[in-house]
> 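Quick one: this structure, given as structure tokens, is what I'll be asking you about.
Everything numeric here is computed off the predicted structure, so don't read it as measured data.
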Amino acid sequence: ALLAILKAGAAYLPLDPDYPAQRLSFMLSDSGAAHVITNRSTLAHCELTDFANLGLIDLDHPEQVALLEGYETSTIANSERIRPLLPEHLAYVIYTSGST
């Protein structure tokens, strides 16, 4: 999933399911995340239930996994992107505890 995100020119936000639900909700909202890729056990563990504005990709859901398998796996050419992918583009967003 991470490789696909980077090859598509998008950015990812790593989430720790042990964080409080309020912190995770803030991070998702503040970052402007569009989708969450997870599995049912992680989703239940972090107790995050507000996905109203996010696309949820559940890796334990056979129909969603089948949809993902239908995507092309070859390298994306710059001509297929909205704009060329450059080293200066965002790769990931990280939130610290605030003490660093």
Side-chain angles (χ1 to χ4, degrees):
L2 289 178
L3 181 58
I5 290 166
L6 295 173
K7 280 187 164 195
Y12 68 93
L13 168 65
L15 298 171
D16 185 339
D18 290 329
Y19 283 177
Q22 184 178 3
R23 174 77 172 151
L24 293 172
S25 291
F26 168 78
M27 292 166 63
L28 289 166
S29 173
D30 185 64
S31 69
H35 292 82
V36 172
I37 301 172
T38 189
N39 59 31
R40 289 182 190 149
S41 62
T42 302
L43 186 60
H45 175 72
C46 69
E47 299 177 13
L48 187 64
T49 57
D50 184 14
F51 290 109
N53 297 323
L54 298 172
L56 178 63
I57 300 171
D58 180 353
L59 297 176
D60 290 331
H61 195 281
E63 292 169 3
Q64 289 186 353
V65 172
L67 285 173
L68 293 175
E69 290 172 350
Y71 283 98
E72 181 62 45
T73 59
S74 62
T75 301
I76 300 169
N78 275 337
S79 62
E80 297 174 283
R81 294 187 169 94
I82 294 171
R83 58 184 140 312
L85 184 59
L86 301 171
E88 296 85 20
H89 288 160
L90 188 65
Y92 65 93
V93 177
I94 192 81
Y95 286 79
T96 66
S97 65
S99 63
T100 55

> Suppose we screen for salt bridge (charged side-chain N to carboxylate O under 4.0 Å, His left out). Which residues come up paired with D60, at least two apart in sequence or across chains?
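With neighbours one apart ignored, the set is empty.
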
> Under the side chain to side chain contact (heavy atoms under 4.5 Å, CB included) test, which residues partner P87, sequence neighbours left out?
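With neighbours one apart ignored, the set is empty.
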
> Determine the minimum heavy-atom distance between L28 and L54, stating which atoms define it.
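Of all heavy-atom pairs spanning L28 and L54, the closest is CD1-CD1, 3.9 Å.
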
> With sequence neighbours excluded, tell me which residues meet side chain to side chain donor-acceptor pair (under 3.5 Å) with Y92.
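Listed in chain order: nothing, the list is empty.
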
> Distance check, rounded to the nearest 0.5 Å: L90 atom CG versus Y12 atom OH?
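Rounded to the nearest 0.5 Å, the CG-OH separation comes to 10.0 Å.
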
> Drop me the distance from H89's NE2 to R81's CZ, to the nearest 0.5 angstrom.
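So the gap between those two atoms works out to 10.0 Å.
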
> So, does S29 use its side chain to make a donor-acceptor pair with the main chain of S25 at under 3.5 Å?
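It does not hold such a pair.
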
> Decide whether L2 and I76 are clustered together by the hydrophobic rule: side chain heavy atoms of Ile, Leu, Val, Met, Phe, Trp, Tyr closer than 4.5 Å, transitively.
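Different hydrophobic clusters.
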
> What pair of heavy atoms forms the shortest contact from S31 to L13, and how long is it?
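Where S31 meets L13 most closely, the heavy atoms are OG-CD2, 3.4 Å.
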
> Go through T42 and L15 one step at a time and tell me if the side chain to side chain contact (heavy atoms under 4.5 Å, CB included) criterion holds.
CA-CA 10 Å; T42 302; L15 298 171; over 6 Å; no

> On a heavy-atom basis, which atom in P14 and which in I94 lie closest, and how many Å separate them?
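Heavy-atom minimum between the residues: CG-CD1, 3.9 Å.
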
> By side chain to side chain contact (heavy atoms under 4.5 Å, CB included), which residues pair with L59, not counting sequence neighbours?
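Residues passing side chain to side chain contact (heavy atoms under 4.5 Å, CB included) with L59: I37, I57, L68.
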
> Same cluster or not: Y19 versus L56, using hydrophobic residues (I, L, V, M, F, W, Y) connected whenever any side-chain heavy atoms lie under 4.5 Å apart?
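Shared cluster, yes.
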
> My understanding is that only residues two or more places apart in sequence, or in another chain, count here; which of them pass side chain to side chain contact (heavy atoms under 4.5 Å, CB included) with A77?
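By the side chain to side chain contact (heavy atoms under 4.5 Å, CB included) rule, A77 matches S79, E80.
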
> List the residues meeting side chain to side chain contact (heavy atoms under 4.5 Å, CB included) with F26, not counting sequence neighbours, and say none if there are none.
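For F26, the residues satisfying side chain to side chain contact (heavy atoms under 4.5 Å, CB included) (neighbours in sequence not counted) are R23, D30, Y95.
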
